[in-house]
Amino acid sequence: MRAIAVRQFGGPEMLELCDMPEPAVRPGHLRLRTRLAGVNYADIHLREGTYPAPMPCPFIPGNEVLGTGEDGRRFVALGRGGGYAETVSAHKKLTFEVPDSVGDHDAIALMLQGNTAWHLLHTDLRLTAEDTILIPAAAGGVGSLAVQLAKRVGAKVVAMAGTEAKREIATALGADAVVDSSTADGLTERIVDAAGGHVTAALEMTGGDVFHATLNALTPRGRLSVFGAVTGVNGLVPITQLVAGSKSVTGFWLPSLYPSRTHLNESMNALFTAVADGWLKPLRGRSYRLGQARQAHHDLAARLTTGKTVLDLDS
């Protein structure tokens with residue numbers, strides 16, 4: 001089968017298109033013929049060797065796929081690598097059949113990024129209609145879904161994006177206000193101004209100065225959920241600021257939910273239903289061929305993408 005291999009950590013040039021043996025299907029797994037493989041920041045960190053749970057080289061990147069089983073039924077699946085390949089072995093615990101009412105590109109958008117957005121809002125932040133929430137990268141895969149999910153709850157949404165085009169997308173998705181996040185200088189003031197001085201909940205995935213600007217923008221008793229640091233720069237949490245403002249900072253990593261299927265069943269059922277009912281509309285991004293994996297990684301890291309970025313193995 002054709003697959004993308006990473007033989008040593010490094011830049012996008014380490015993504016090598018090659019022929020590899022098909023994976024053995026272990027007990028409790030399904031063999032899927034891959035149609036779409038999601039491209040995520042986690043894949044970039046795995047390729048660089050900076051992921052919280054690194055994989056030893058050589059490995060096949062890709063933590064989510066949409067594919068067909070031997071009987072032709074469509075499934076989406078999560079995993080630990082292996083997705084950038086024509087055939088995958090997916091654990092049944094992390095595999096979900098796609099309803100006929102949900103298209104391929106919508107389904108793959110819901111798998112990793114949709115579940116992340118859903119659990120950030122509902123499991124971690126416990127968002128309510130009384131909240132004003134700050135959502136970064138609002139035209140991206142997680143952010144675009146989080147905007148819609150937060151609006152469904154009834155919360156006020158302040159969206160951040162680095163370009164005018166992306167801010168227009170966020171507005172079209174339902175954001176009540178938008179903030180230019182292209183520079184961290186003055187970011188706290190721009191957030192507070194856009195929110196009308198009232199930010200009770202926030203998501204953060206950039207790190208460094210943006211983390212601090214976001215934390216500073218929270219009102220007393222505000223909640224911040226961190227799900228990444230794409231800049232690679234950690235944000236040190238100032239204890240005195242947390243205590244003085246009664247603020248809370250939590251971390252979220254979707255694989256922490258993998259051992260039990262219960263939480264993912266709840267979110268996948270809710271997400272599939274929301275798409276079928278028409279109120280949740282995943283933002284379709286660019287599709288790349290398998291052999292264009294290097295370009296896909298480059299574009300995602302350079303913030304040139306919007307919505308769900310995929311490798312299309314049928315193209």
Side-chain angles (χ1 to χ4, degrees), residues 109 113-114 116-122 124-231 235 241 245-250 252 274 279-283 285 303-308:
Q113 294 173 332
T116 296
W118 197 93
H119 285 287
L120 281 168
L121 300 184
H122 296 292
D124 210 29
L125 290 178
R126 301 186 182 277
L127 197 72
T128 74
E130 303 303 315
D131 281 308
T132 294
I133 182 170
L134 178 68
I135 297 177
V142 173
S144 61
L145 292 167
V147 168
Q148 298 174 72
L149 291 169
K151 288 303 299 178
R152 186 70 174 184
V153 171
K156 178 179 179 180
V157 172
V158 178
M160 295 201 298
T163 69
E164 182 60 33
K166 290 182 178 181
R167 291 190 288 276
E168 290 177 358
I169 290 172
T171 299
L173 291 171
D176 299 285
V178 293
V179 175
D180 181 356
S181 60
S182 60
T183 175
D185 292 339
L187 183 56
T188 296
E189 291 74 17
R190 293 197 299 276
I191 292 170
V192 172
D193 182 63
H198 190 68
V199 179
T200 61
L203 305 181
E204 214 293 289
M205 43 75 73
T206 303
D209 291 340
V210 176
F211 168 84
H212 290 289
T214 301
L215 182 61
N216 289 339
L218 287 178
T219 59
R221 300 189 61 79
R223 298 106 66 206
L224 173 59
S225 184
V226 180
F227 63 107
V230 298
T231 61
Q241 185 179 356
S246 296
K247 299 178 182 181
S248 60
V249 178
T250 57
F252 179 78
W279 66 261
L280 183 63
K281 301 180 186 298
L283 184 58
R303 313 260 180 113
L304 300 177
T305 62
T306 57
K308 184 61 191 176

Rounded distance [0.5 Å steps], [atom1] in [X] versus [atom2] in [Y]:
X	Y	atom1	atom2	value
L120	L127	CG	CG	10.5 Å
E168	L173	CD	CG	12.0 Å
K308	T306	NZ	OG1	12.5 Å
I169	E164	CD1	CD	11.0 Å

* Asked: Does E204 reach the main-chain N or O of G207 with its side chain, forming a donor-acceptor pair under 3.5 Å?
  ->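 A pair under 3.5 Å: yes.
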
So, the side chain of T132 versus the backbone of T200: is there a donor-acceptor pair under 3.5 Å, distance only?
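Not a single qualifying donor-acceptor pair exists.
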
Item to complete: Give every residue pair that meets the salt bridge (Lys or Arg N to Asp or Glu O under 4.0 Å) criterion with at least one member in residues 134-146, sequence neighbours excluded.
Response: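 The answer is none; no pair qualifies.
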
**Report entry** Pairs meeting criterion salt bridge (Lys or Arg N to Asp or Glu O under 4.0 Å) with involvement of residues 129-147, two or more places apart
**Finding:**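 Qualifying pairs: D131-R223.
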
* To do: Could you pull out all residues at least two apart from D193 that satisfy salt bridge (charged side-chain N to carboxylate O under 4.0 Å, His left out)?
  =>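 Here no residue qualifies.
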
Just to verify, what does E189 make a salt bridge (charged side-chain N to carboxylate O under 4.0 Å, His left out) with, not counting sequence neighbours?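 Checked E189 against salt bridge (charged side-chain N to carboxylate O under 4.0 Å, His left out); zero matches.
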
message: A side-chain contact here means heavy atoms from C-beta on lying under 4.5 Å apart; do L224 and F211 qualify?
response: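 With C-beta onward as the side chain, the pair touches.
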
**Asked** With a 4.5 Å limit on heavy-atom distance, are the side chains of K247 and L215 in contact?
**Response**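 Yes, close enough: below the 4.5 Å cut-off.
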
Contact summary for [X] and [Y], nearest pair of heavy atoms:
X	Y	value
A217	V199	O-CB, 3.6 Å
Q241	N216	NE2-OD1, 2.7 Å
M160	I191	SD-CD1, 3.9 Å
A201	L125	CB-CD1, 4.2 Å

Pairing residues for D180 by the side chain to side chain contact (heavy atoms under 4.5 Å, CB included) criterion, not counting sequence neighbours: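 Per chain and number, D180 pairs via side chain to side chain contact (heavy atoms under 4.5 Å, CB included) with R167, S182, R190.
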
Result block: side-chain N/O donor-acceptor pairs under 3.5 angstrom for residues 134-159, not counting sequence neighbours:
| residue | atom | partner | partner atom | Å |
| --- | --- | --- | --- | --- |
| S144 | OG | G140 | O | 2.6 |
| S144 | OG | G141 | O | 3.3 |
| Q148 | OE1 | K281 | N | 2.8 |
| Q148 | NE2 | S144 | O | 3.1 |
| Q148 | NE2 | K281 | O | 3.1 |
| K151 | NZ | D176 | OD1 | 3.1 |
| K151 | NZ | D176 | OD2 | 3.0 |
| K156 | NZ | A195 | O | 3.3 |

Going through the distances and angles, do L218 and T214 end up as a side chain to side chain contact (heavy atoms under 4.5 Å, CB included)?
CA-CA 7 Å; L218 287 178; T214 301; 5.5 Å; no

